[in-house]
Colleague: 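Before I ask anything, let me first share the structure, which is written out below as C-alpha cells.
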Amino acid sequence: MSWGTELWDQFDSLDKHTQWGIDFLERYAKFVKERIEIEQNYAKQLRNLVKKYCPKRSSKDEEPRFTSCIAFFNILNELNDYAGQREVVAEEMAHRVYGELMRYAHDLKTERKMHLQEGRKAQQYLDMCWKQMDNSKKKFERECREAEKAQQSYERLDNDTNATKADVEKAKQQLNLRTHMADENKNEYAAQLQNFNGEQHKHFYVVIPQIYKQLQEMDERRTIKLSECYRGFADSERKVIPIISKCLEGMILAAKSVDERRDSQMVVDSFKSGFEPPGDFPFEDYSQHIYRTISDGTISASKQEIGKVDAKTTVGKAKGKLWLFGKKPKGPALEDFSHLPPEQRRKKLQQRIDELNRELQKESDQKDALNKMKDVYEKNPQMGDPGSLQPKLAETMNNIDRLRMEIHKNEAWLSEVEGKTGGRGDRRHSSDINHLVTQGRESPEGSYTDDANQEVRGPPQQHGHHSEFDDEFEDDDPLPAIGHCKAIYPFDGHNEGTLAMKEGEVLYIIEEDKGDGWTRARRQNGEEGYVPTSYIDVTLEKNSKGS
C-alpha cells in the first residue's frame, strides 16, 4: 500500500490530508496544555487549602497535642505532598508531551512544506514538457495543412493549360518548401512527444511516488508521535501513583493513630486544677437551745457553746467557697504563674525549668567549644587571636549565670507548689472542723494557704448576753480591718466571690494574701470580696479596727 501508486492523481487531497494531520496534532497539544493548567490550578488550590487549615504556631503552647489534632495535621501534610505530585504530573506533561508536540509540529510543518514544493515543481516541469509537445504538435499540424494547400495549388496549376511554366515551377517550389517544413515539424513533434512521454512516465512512476512516499512516511511518523504522546500522557500520571498511594496510606495511618483515651487523659492533664473536692457540710443543730438547762455551768451548755462556735466558724468560712465552681478570675499572667491553679502552675513551672535546662546545656556546650578554640589559638597563634574570643566567652558565662538563677528561682516556686500539694493531701484526713476551716481559706482560684494561725480564726467575740436569734446570725458581723490598700489597676470582678474596683480606689483589707495571689478586701459600704494582690498597693496596720 503506497500513496505513490494508489494516489498518483490525488495531490490536492494529500495536501489537505497532511494539513489536517498537523491541525489535529496541534489540537491535541492544546488539549494537553489545558490539562496541564487544570493540574497546576488543582495543586495550587490544594496547597492554599492546606495553608488555610494549618495551625499558625506562634508559640509552643499552641502546638496540637490531641491525637485527633495531630492526625488532622498529618493528613494536611500528606495532602500537601499529594498536591506536589499533581505539580509533578503537570511538569511531566509539559516537558514530555506538550513541549515535544510543539517541537514536532514545527518540524512537521517545515517537512510538509518542502515535500509539497517538490511535488509542485515536478508537476510544473511536466506541464512545461506537455506545452512544448503540444506546441510542436500544433506547429506540425499547421505545416501539414500548409503543405496540403501547396499540393492542391501545384496540382491545379499543373492541370491548367493556361498556366505558365514559371507559375507551375513556382508552385512546385512552394510545395517542396512546405513539404520540407512539414517534415521538420514532424520530426520536432516526434521528438517532443517522445520527451514528454518519458518525462510523464518518470513523473508518475518515479518522481511523484517518491514525493508521496515521503509524505506518507511523514504522516505515519505523526501518527506514531501521537501514539507516544498518548502513552506519555498516561505515564505522567502512572509514575506518581506509588507516591500518591503512600500519601493516602499516610492519611489512613493518621486516622488510625487517633486515640480517644489519650485525648481524654490530655484533657485531664490540661485542665486539672489540683484542688480537692469540697467536703461535706456538718449538720447544724439549731434545736439545741430548746434543751438548754437554766444552769449555765452544765456540761450541755459547754457543748452547745462549742457547737455554736463551730457552726459560726463553718458558716462564716463557707462564704468564700462559692467561686470554686465559677470562672477563673481574669488577671495578668504572673512570672511565677501564681494566677494558675496548683496543678497547672506546677506543669508550667516544670516546662519552664526544662526549657531553661536545655538553654543552659546549649550555653555550656558553647562555652566548652569556645574554651577548646581558645586553647587551640594559644597553642597555634597563627590560627587566630585568643583575645578575640574573650567577649563571646564572657557573654556565654553571663548567660549561664542568668540561666542558673532563673532555674533556681523556678525550682523554688516549684518546691512551694509541691509542698502545698503535699500539705493538702495531709489535711485530707483531718477532722471535719479543720477540713472545713481549710476550705474556707480558698481563694477565687481555689488555692490553699498553709498559715495555721489563720485556719482557726473565728468571728470576733461578742460581749454581754445574746438572744437565741442573735446567736444564729452573729457570723454576719464584719471581720476587722487589718490595713488598707489602693487599687493600682482597675479590676472588673465579674467572677463570683471577687470584688470589682476602680483605679485609685481605697479599700479595707480584712485578710492577707496567703500565697495564692488574692487578698480579701471590703468597701466602706460593707461589700466584701477578693481582689488580685498584684493589682493593689497594700498598707498593713497593726491596731486597725473594723469599719
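For this chain, numbers begin at 1 and follow the sequence in order.
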Colleague: Quiz question: by atom type and distance under 3.5 Å, do the side chains of D15 and Q19 form a donor-acceptor pair?
Modeller: no
Colleague: Taking Q216 for the side chain and W3 for the main chain, is one N or O donor matched with an acceptor at less than 3.5 Å?
Modeller: yes
Colleague: With sequence neighbours excluded, tell me which residues meet side-chain hydrogen bond (donor to acceptor under 3.5 Å, both in side chains) with K374.
Modeller: Q390
Colleague: Tell me whether N410 contacts the main-chain N or O of E406 through its side chain, where contact means a donor paired with an acceptor under 3.5 Å.
Modeller: yes
Colleague: Checking R231 now: which residues fulfil side-chain hydrogen bond (donor to acceptor under 3.5 Å, both in side chains) with it, not counting sequence neighbours?
Modeller: none
Colleague: Nearest heavy-atom pair of C247 and D81: which atoms, and what distance?
Modeller: SG-CB, 3.7 Å
Colleague: Judged by atom type as modelled, is there a donor-acceptor pair below 3.5 Å linking the side chain of N380 to the main-chain atoms of Q382?
Modeller: no
Colleague: Examine distances only and state if a side-chain atom of T519 and a backbone atom of V531 form a donor-acceptor pair shorter than 3.5 Å.
Modeller: no
Colleague: For S227 and T223, indicate whether the former's side chain and the latter's backbone hold a donor-acceptor pair under 3.5 Å.
Modeller: no
Colleague: Can you tell me if D219 uses its side chain to pair, donor with acceptor, with the backbone of L215 under 3.5 Å?
Modeller: no
Colleague: If you take all heavy atoms of G21 and R222, which pair is closest and at what distance?
Modeller: O-CD, 3.3 Å
Colleague: Quick check against the 3.5 Å criterion: does Y98 have a side-chain atom that pairs as donor or acceptor with the backbone of F31?
Modeller: no
Colleague: Counting N and O atoms only, with roles assigned by atom type, does the side chain of Y530 sit under 3.5 Å from a partner on the main chain of G497, one being a donor and the other an acceptor?
Modeller: no
Colleague: Using only heavy-atom distances, determine whether the side chains of S257 and T67 contain a donor-acceptor pair under 3.5 Å.
Modeller: no
Colleague: Is the shortest side-chain heavy-atom distance between E100 and K225 below 4.5 Å?
Modeller: yes
Colleague: Does any donor atom in the side chain of E78 or N74 lie under 3.5 Å from an acceptor atom in the other side chain?
Modeller: no
Colleague: So, do Y125 and K121 sit near enough that their side-chain heavy atoms are less than 4.5 Å apart?
Modeller: no
Colleague: Between E39 and R35, does any side-chain N to carboxylate O distance fall below 4.0 Å?
Modeller: yes
Colleague: Between Q361 and D365, is there a side-chain donor-acceptor contact under 3.5 Å, judged purely by atom types and distance?
Modeller: yes
Colleague: When you measure from the side chain of N80 to the backbone of L76, do you find a donor-acceptor pair of N or O atoms at a distance under 3.5 Å?
Modeller: no
Colleague: Between the main-chain N or O of I22 and the side-chain N or O of K109, is there a donor-acceptor pair closer than 3.5 Å?
Modeller: no
Colleague: Under 4.0 Å between a Lys/Arg side-chain N and an Asp/Glu carboxylate O for D134 and K138?
Modeller: yes
Colleague: Of the non-hydrogen atoms in F11 and G119, which two are nearest, and what is the gap between them?
Modeller: CE1-CA, 3.9 Å
